[in-house]
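These values consider heavy atoms only, across backbone and side chains, with no hydrogens, waters or symmetry-generated copies. Whatever order the structure lists them in is the order used to number ligands and atoms, beginning at 1.
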Amino acid sequence: MCNEKPVRYTSGYQTRTIVHKSVRPKSTEECKLIANQETGTRVDEVASEIYRICTPLNVIPGGFTVNSYLVADEEPLLFHTGYKKLFPITLEAIGKVMPVKKLRWIGGSHFEGDEFGALNDFLGAAPEATPFGAEIGVLTSLNDFATRPARGFVDGEEFYIGSRRMKWLYTPHVPHGWDCGILFDQSTRTLFCGDLFTQPGANMPPVTESEVLTASEGMREMMDYYAHATSTTAILERLAGLCPSTLACQHGSAYRGDGVALLRELAATLEKGKGTLSTPPLAVAA
Ligand SMILES: [Fe+2]
Ligand SMILES: [Fe+2]
């Protein structure tokens, strides 16, 4: 159980007005680093020594963001490499925090271009880094793609990267991908939740304390990127059981607040709308 205030349910995402409450940095160390003026790539510390590297992209109307997360510890970990084409940009951004060659772990939620596209470039730049993902992802994709053998984690497996104990949760098809998994930093209660709560837009605050479900539901209606799996509710409840206080989304702002309530509200929203979409998905409409 979480050692926090009781879980708060909100009244339905459709009716709420979003006013982003950006979280102000506490110190100069937490202030943003503009890593690349040309691309707008920036680096922000979103939890203790967890850096969000964000590059805005003009791939959908209104823009989109791709985030990699760098966890600075004795064995630094990168979660999501970003697209291969972004490699020089992401590399430059990591270099603002630490030498890239110090990376020891490079992984991602599931095997797609934005999660793993630049993996081999990073393995070249960080010769002691081990690629990682779900066991099934290693079997189906990673060990074929990667230039070095990958480590496949089983559901619930924990590993230390120095002072932090990380936990891997296998979340097949949530939101998509047979190989999908989620990483949790138990020391800061940060859930690296991959494509869950994907928000559109290019100019997002790095961290928000405003709920991100409304924006991500708008994205889901536009793209239908969930796999319509039967186990979704149970998996989201399992993630809620971790009591996350930061949701490190791969697309959009990171969310700081009652992660339990937000995950449960997502589950309830998906349950309520099972089998329906208010508008045809973009790929279908195109
Ligand atoms: Fe994805
Ligand atoms: Fe993604």
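- Take a cut-off of 2.8 Å around the Fe ion (ligand 1): the protein N, O or S atoms inside it are His110 NE2, Glu112 OE1, His176 NE2, Asp195 OD2.
- When the shell of 6.0 Å around OH of Tyr160 is examined, it contains 12 or fewer heavy atoms from other residues, nucleotides or ligands.
- The nearest pair of heavy atoms linking Gly108 to Trp168 is O-CH2, 3.5 Å.
- Nearest approach of Val66 to Tyr83, heavy atoms of both residues: CG2-CE1, 3.9 Å.
- Applying side chain to side chain donor-acceptor pair (under 3.5 Å) to His251 and the options Asp195, Asn67, Thr65 leaves one that passes, Asp195.
- Aromatic pair Phe116/Phe145: centroids not less than 6.0 angstrom apart.
- Take Ser48 and apply the side-chain contact (heavy atoms from CB on, under 4.5 Å) test, not counting sequence neighbours, and it matches Thr188.
- With 2.8 Å as the limit, His251 counts as an N, O or S neighbour of the Fe ion (ligand 2).
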